[in-house]
Number of protein chains: 2
Amino acid sequence: MMENDIFKALADPTRRTIFEKLASSQSMNASALRNGMSISQPAMSQHLAVLRQAKLVDEERQGRFVHYRVNPDGLALIVQWVARYSTFWPDRIDALRQTLKEMDQ
Amino acid sequence: MMENDIFKALADPTRRTIFEKLASSQSMNASALRNGMSISQPAMSQHLAVLRQAKLVDEERQGRFVHYRVNPDGLALIVQWVARYSTFWPDRIDALRQTLKEMDQ
DNA sequence: CAGACACATAAGTCCGTGCTTATGTGTCTG
DNA sequence: CAGACACATAAGCACGGACTTATGTGTCTG
């Protein structure tokens, strides 16, 4: 199941770090992502494969580099999942509304 | 880290099922949760311990029963995490806004 | 074309984790 | 108080997953 792939992909802190790095940049290749992370090249490649399979990132080959970027639709399932259960708690959904409002500024 | 506990807790499909059952009811004891799930009593107890440690559920002892219920604040960290990265994609955040709007009716 | 480079894949190891059976703890009831 | 009941904990096992080293694949450059 796809929802399961996403949760499992995000369960690993290293993969969340990689995802956050990608989210804070337009795109990065695998080597650039390794900067500042004590992680081997194969490990990075394997993590990216997991994120790719979960459709959380897209890849684009340019010559011998592969540029990775966040897939904008990737987190949609998580958002829907959370929103589904948030309906039971008006307080929480209000907090989310507030977060969105602050993001407008 | 707490955020890590939540992601790891939700990474297991059985625990997500348990969480969903709790979310769709006021409260349930461990035995009631097992209904319809082919899962042993210790396994259920262990899953509930993980959800409890991640602060996704609360427990309340009443006699020899322990009633479990969803902790309304539990998903807050996930919501914040998702919302943080959603800022990069206006389309997605608009979809979330739409979801919230529909929930108003 | 040969070598360097960016990345993927293979294969093996180790540890976390989800399950089991067995037993312990606490509470209710006859 | 003895037994039944609800749940937790202990201990062992089996599997998955995150890492390693080694090697393969594709691309650029001199």
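In the text below, chain A, chain B and the rest are named by the order of the sequence lines, each starting its count at 1.
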Worksheet item: According to a strict under-4.0 Å criterion, is A:Tyr68 in side-chain N/O contact with OP1 or OP2 of C:dA8?
Response: yes
Worksheet entry | Partner nucleotide of D:dC7 by Watson-Crick or wobble geometry (both distances under 3.5 Å) | C:dG24
Discussion item. If you count every heavy atom of other residues, nucleotides or ligands that lies below 6.0 Å from A:Lys21 atom NZ, does the total exceed 12?
Written reply: yes
Worksheet item: Should we count CD of A:Gln53 as having more than 12 external heavy atoms under 6.0 Å?
Response: no
Item to complete: Might you work through the side-chain hydrogen bond (donor to acceptor under 3.5 Å, both in side chains) test for A:Asn4 and B:Arg16, ending with a clear yes or no?
Response: CA-CA 10 Å; A:Asn4 196 45; B:Arg16 284 203 303 280; 2.9 Å; yes
Worksheet item: Should C:dC14 form a Watson-Crick or G-U wobble pair with both distances under 3.5 Å, which nucleotide is its partner?
Response: D:dG17
Practice prompt. Report which part of the nucleic acid A:Arg34 touches: base, sugar-phosphate, or nothing (heavy-atom distance under 4.0 Å, all strands).
Written response: nothing
Worksheet item: Would you say B:Arg61 reaches D:dA6's phosphate, i.e. side-chain N/O to OP1/OP2 under 4.0 Å?
Response: no
Response to the item:
Per nearest nucleotide of DNA chain D, the residue lying toward the 5' end, A:Gln62 or B:Glu59, is B:Glu59
Worksheet entry | side-chain N/O B:Ser31 vs D:dC7 OP1/OP2, d < 4.0 Å | yes
Practice prompt. To the nearest Å, give me how far apart CZ (B:Phe65) and C1' (C:dT27) are.
Written response: 10 Å
Worksheet item: OP1 or OP2 of C:dT20 less than 4.0 angstrom from a side-chain nitrogen or oxygen of B:Ser40, does that happen here?
Response: yes
Worksheet item: So B:Leu10 and B:Leu56, side chain to side chain contact (heavy atoms under 4.5 Å, CB included) or not? Walk me through it.
Response: CA-CA 9 Å; B:Leu10 293 177; B:Leu56 284 168; 3.8 Å; yes
Discussion item. Let's test this: given Watson-Crick or G-U wobble pairing with both distances under 3.5 Å, identify the partner of C:dA2.
Written reply: D:dT29
Worksheet item: B:Arg64 has a side chain; which of D:dC7, C:dA4, C:dG26 sits nearest to it?
Response: C:dG26
Response to the item:
Of the candidates C:dA8, D:dA8, C:dT21, the side chain of A:Ser45 sits closest to C:dA8
Worksheet item: Between A:Gln53 (CD) and C:dT9 (P), how many Å, whole number?
Response: 12 Å
Worksheet, complete the sentence: B:Asp12 atom CG is separated from C:dT17 atom C1', nearest whole Å, by 9 Å
Practice prompt. Rounded off to whole Å, could you give me the CZ-to-P distance for the B:Arg16 and C:dG18 pair?
Written response: 12 Å
Fill in: Nearest-Å distance for atom pair CE/P, residues B:Met44 and C:dT21
16 Å
Discussion item. Here's a test for you: under side-chain contact (heavy atoms from CB on, under 4.5 Å), which of A:Thr17, A:Leu22, A:Ile39 qualifies with A:Leu33?
Written reply: A:Leu22
Practice prompt. Take the protein atom CD of B:Gln46 and the nucleotide atom C1' of D:dA11, then report the distance between them rounded to whole Å.
Written response: 11 Å
Item to complete: Determine, step by step, whether A:Tyr68 and A:Ile18 satisfy the side chain to side chain contact (heavy atoms under 4.5 Å, CB included) criterion, reporting the C-alpha distance in whole Å, the side-chain angles of both residues, the deciding distance to 0.1 Å, and the verdict.
Response: CA-CA 10 Å; A:Tyr68 285 92; A:Ile18 294 171; over 6 Å; no
Worksheet entry | Residue-phosphate contact under 4.0 Å: B:His47 side-chain N/O, C:dT17 OP1/OP2 | no
Item to complete: Send over the distance from A:Lys8 NZ to D:dG17 P, rounded to a whole Å.
Response: 6 Å
Worksheet entry | Rounded distance in Å - CD (B:Gln41) to P (D:dA8) | 7 Å
Discussion item. As a test of reading the structure: which of C:dG18, C:dA8, C:dT20 is closest to the side chain of B:Pro42, going by heavy atoms?
Written reply: C:dT20
